[in-house]
Amino acid sequence: MVKLIFVYCLAILSCNTRSYAQNKQYLTQYVKPNIGSAHSRYFFYTPAAVPFGMAKLAPSTDGSYGNPSGWEAVGYDDRHHTIAGFPHFHEFQIGGVVFAPTVGKIKTNAGKLDVPHSGYLSAFDKADEFATSGYYRVKLKDYGIQAELTATKRVGFHKYTFPETDSANVIFDIGHVMGESGPVLDAEVSYDKQHIWGYVVTSPLYVQKYQKGANVKMYFYAEVDKLPTSYGTFLDAAIYTDKKTIRGKGAGLYLQFKMKSGEAIELKTGLSYTSVENAKLNLLQEAEKLNFEKAKQNALQVWDRELGRVLVEGGRVEDRTKFYTALYHALLGRGLASDVNGAYPKNDGSVGQIPLNTKGIPVHHHYNTDAIWGAFWNLTQLWSIAYPDYYNDWIQSQLLVYKDAGWLGDGIANSKYVSGVGTNFTGLAIAAAYNVGIRDYDIDLAYQAVRKNELESEGRIPGAGKLDVGVFVQKGYSPYVKDQTGNPELLTSGSPFGASHTLEYAFSAAAAAQFAKSLKRESDYGILNKLSDAWRTLYDPSTKFMRPKDSEGTFIQNFNPYESWRGFQEGNAWQYTFYVPHAPQELVKLVGADLFNSRLDSIFTVSQRNIFGGGAHIDAFAGIESLYNHGNQPNLHISWLFYFSGRPDLSQKWVRAICNEFYGTEPVHGYGFGQDEDQGQLGAWYVLSSMGLFDVRSLTSEKPSFQIGAPLFDRVTIQLPKALRKSKFEIEVKNQDVNNIYLDKIQLNGKTLSSLELPFEDLVKGGKMEVVLKNK
């Protein structure tokens, strides 16, 4: 009988596995948001959200401490043991609108991290916490409250299950700093019957750096399913009972309830960046008929569907966990900034309107976004493969800002410029999209914006980045100059990062040149193509490194290739010497193939001892003075460069090692040890590399294609909705084994490939690629 039961269970398990594979469901089981959440950026940990949504709910462990430099880790850290409320807004430079359930005396401040009863925060145990894509649950020990969170695109849902008490509270903390919000300038919150509404105005650090005087506004309109027994407002520590509205920094409101044991309060909150009225409209259109449980199920289904555009099967469960957690972060990093009616926040602080189609639906969305720096080696390639609809929307969104303010923005927060590192790769990302056939936007306008971004300096504003592009165009390189201002990104005669800027601008010029060529803009093509060779001016044959030059065209003295921040931004000459992604064969030829291969192979051999970057140091910049730093953007292509130097086997070796060793499944060791996971970029790199597709040239070459690597799975299926792409593309892997990391044979639709590259057009057409692996 025991044997029969065992066989029956195996049969059921096998059936369930086949059903799962066929239906592409329950992929959320592999998503573990806590992975890598130590030292995570503010927007990293937001489990209660849907892909690219505006509503991104999460617990805050230290978000109330703010973010003095604008980029540090803040918000949620898995090592912390207290939670101080649940913020709704999580974007680069945007944070706020915190709800917090409590029991007992009203407390109006978050409290001190891990200090019991110091504010409305509560201790919690990890055993009582659960998080996946679309849903979060935790038990707040101090109050005996189970808190649950989920979301639609623009609506956040809360469910608080209380113990029996006459003093159940919901705190609405609106007027305090949260995450990367910067100082609060103004706030207001009001209550009537079962509705709460208000706004907060903040002044993020990066907005002030790139668009001084601008601010960010967040609005909300909430509905609670139960009438309170009492209410009041507060302004910091001052409490006003029975008062329904209050305005000012530190403003907040509370509701009190009498609850039975196990009784729950549900809240749903419409969000907007334009007005309370539109926050209410978003709530009504997206959630009027939804309760918490239905919203939760919808969110999980949305994630299963969107994650399922890339279905991986087989391989290790650990690798599937890495894959779908990484994909989750790639789809979470950038969020909606427009309302259901197409209203959106304009750069000048007013409200704009996206055109509507014949059904009254906006023809595209608008998004908040961190800078695109480095995202061409991960996010944009992934978007091209599986999310071209979002990629097209992203371009439309960028062009909105261009039309409104005159320049492309690298990063934008409510359409305000937040250029990040002070460069601007938006032009490259637009050119790459056009290059792979993503073209449902005003192409002439897009080209005009790209050309201006690459070539023009007159009247260039700080938020457009690349303020030294004028001298780059004039001299053919950006000189190294020392910064005496404290704002190195805003210099125009050169830059403390002149060498890295030269290499970056050469790459983006190459992408823009291909765009110009496609549109038969021959004169522009000639100029841009010449600038794409700018990298050659920095190559020093005596050291065989890229070496910064001063304004006179002389290589800088006392050159140390390990030194960061002197000529190179967030990196050094060891790392940036390989930054010629648009012409890798030319770089190999210049260095010499043998030296190129031995040097690069040695770099990875040494770097493996330090986990390919910062070692076990929990710091975003831990690896910037090392030989190789996978924890930051400048290096993310070089493990694939051996394809251009005659040793693709070495790429296969080192890419697999990085996937296995740099990436982990623990809260501390997730993306390295707390490295700089900018809006899903490191996650997207893993997604691409683990499925065996990557392009060093970021799909900007005349005939875009992917280098083919060794997948970690038995099968990869890329299948989009039929309206986006008619046919699926499958990668079937034979001889899959943890020791089989090298390519043996590749066939595409039954024919042996003559090279280790997959043309992008073949992926789009659909078909089947068979990959045979071997162990040496």
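- Looking at Y417, its side chain does come within 3.5 Å of a backbone N or O of W407 through a donor-acceptor pair.
- Ring planes of Y576 and F568: parallel class, angle under 30° (limits at 30 and 60°).
- Pairing each heavy atom of P345 with each of S415, the nearest pair is O-OG, 2.6 Å.
- Between the CZ atom of F578 and the CD1 atom of I603 there is a distance of 4.0 Å, given to the nearest 0.5 Å.
- The ring of Y686 has its center no closer than 6.0 angstrom to the ring center of H630.
- The ring of Y441 has its center no closer than 6.0 angstrom to the ring center of H364.
- Closest of all the heavy-atom pairs between G623 and N629 is O-CB, 3.2 Å.
- At least one side-chain heavy atom of Q398 sits under 4.5 Å from a side-chain heavy atom of T369.
- Ring centroids of W377 and F425 are separated by 6.0 Å or more, keeping the two rings apart.
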**Prompt:** So V588 and L641, side chain to side chain contact (heavy atoms under 4.5 Å, CB included) or not? Walk me through it.
**Reply:** CA-CA 9 Å; V588 172; L641 282 176; over 6 Å; no
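- Using modelled atom types, no side-chain atom of H501 and backbone atom of S495 make a donor-acceptor pair closer than 3.5 Å.
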**Asked** Could you walk me through whether K452 and D524 pass the salt bridge (charged side-chain N to carboxylate O under 4.0 Å, His left out) check?
**Response** CA-CA 11 Å; K452 186 175 184 180; D524 289 348; over 6 Å; no
**Asked** Are N424 and T426 close enough, and set up right, to give a side-chain hydrogen bond (donor to acceptor under 3.5 Å, both in side chains), and what steps lead you there?
**Response** CA-CA 6 Å; N424 192 327; T426 303; 3.1 Å; yes
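- H637 is listed as a side-chain neighbour of F694, based on a closest heavy-atom distance under 4.5 Å.
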**Message:** Set out, in order, the CA-CA distance, both residues' side-chain angles and the distance that settles side-chain hydrogen bond (donor to acceptor under 3.5 Å, both in side chains) for D370 and Q681, then state yes or no.
**Reply:** CA-CA 11 Å; D370 192 3; Q681 291 193 38; 5.7 Å; no
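- Between F44 and Y671, the ring center distance clears the sub-6.0 Å criterion.
- Taking the centre of each ring, F376 and F507 come in below the 6.0 Å mark.
- Distance alone, capped at 3.5 Å, places no donor-acceptor pair between the R334 side chain and the Y367 backbone.
- Ring pair F621/W71: centre-to-centre distance below 6.0 Å.
- Taking a cutoff of 4.0 Å between a charged side-chain nitrogen and a carboxylate oxygen, K475 and D550 do not qualify as a salt bridge.
- Residues N67 and E180 are in side-chain contact: their nearest non-hydrogen atoms beyond the backbone lie under 4.5 Å apart.
- No side-chain heavy atom of D649 sits less than 4.5 Å from a side-chain heavy atom of F642.
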**Message:** Set out, in order, the CA-CA distance, both residues' side-chain angles and the distance that settles side chain to side chain contact (heavy atoms under 4.5 Å, CB included) for T577 and M546, then state yes or no.
**Reply:** CA-CA 5 Å; T577 292; M546 297 295 176; 3.9 Å; yes
**Item:** Check against side chain to side chain contact (heavy atoms under 4.5 Å, CB included), D442 and D444
**Value:** CA-CA 6 Å; D442 186 334; D444 287 338; 3.8 Å; yes
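- Nearest approach of Y210 to P462, heavy atoms of both residues: CD2-O, 3.2 Å.
- Here the shortest heavy-atom pairing between P548 and G567 reads CG-CA, 3.8 Å.
- Using a 4.5 Å cut-off on side-chain heavy atoms (C-beta onward), D410 and I372 make contact.
- A donor-acceptor pair under 3.5 Å is formed between the side chain of Q208 and the backbone N or O of A214.
- By the 6.0 Å and 45° rule, R697 does not stack over the aromatic ring of Y643.
- Under a cut-off of 6.0 angstrom, the local environment of CG in D601 is crowded, with over 12 non-hydrogen atoms contributed by other residues, nucleotides or ligands.
- With sequence neighbours left out, the ring pair (Phe, Tyr, Trp, His ring centres under 6.0 Å) criterion links F612 to no other residue.
- Not counting sequence neighbours, the partners of L595 by the side-chain contact (heavy atoms from CB on, under 4.5 Å) test are K544, V591, S598.
- Just one of I94, V207, L205 meets the side-chain contact (heavy atoms from CB on, under 4.5 Å) condition when paired with V418; it is V207.
- By the neighbour-count criterion of 12 heavy atoms within 6.0 Å, atom CG of D594 is sparsely surrounded, having that number or fewer from other residues, nucleotides or ligands.
- Using cut-offs of 30° and 60° on the angle between ring planes, the pair W383 and Y390 is perpendicular.
- Considering only heavy atoms from C-beta on, F92 stays 4.5 Å or farther from I412 through its side chain.
- When all heavy atoms are compared, the tightest approach of G427 to L408 is N-CD1, 4.2 Å.
- Counting only heavy atoms from C-beta outward, the side chains of I658 and W685 approach each other to under 4.5 Å.
- F515 has its side chain out of reach of N435: every pair of non-hydrogen atoms, C-beta onward, lies at least 4.5 Å apart.
- A ring-centre distance under 6.0 Å is found for F545 and W574.
- Annotation for N378 and A684: closest pair CB-CB, 3.5 Å, computed over non-hydrogen atoms.
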**Request:** Would you check, one step at a time, whether the test side chain to side chain contact (heavy atoms under 4.5 Å, CB included) holds for L693 with L763?
**Result:** CA-CA 11 Å; L693 297 175; L763 183 147; 3.9 Å; yes
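- Side-chain contact, Q608 with E661: a donor N or O sits under 3.5 Å from an acceptor N or O.
- Between E454 and K466, at least one side-chain N (NZ, or NE/NH1/NH2) sits under 4.0 Å from a carboxylate O, which counts as a salt bridge.
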**D468 vs S478, side-chain hydrogen bond (donor to acceptor under 3.5 Å, both in side chains): CA-CA, chis, key distance, verdict** = CA-CA 7 Å; D468 55 340; S478 178; 2.6 Å; yes
**Asked** Would E761 and K703 count as a salt bridge (charged side-chain N to carboxylate O under 4.0 Å, His left out) if you check the C-alpha gap in whole Å, the side-chain angles of each, and the deciding distance to 0.1 Å?
**Response** CA-CA 9 Å; E761 62 180 0; K703 294 183 178 180; over 6 Å; no
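- Judged by distance alone, the side chain of S639 and the main-chain N or O of W654 form no donor-acceptor pair under 3.5 Å.
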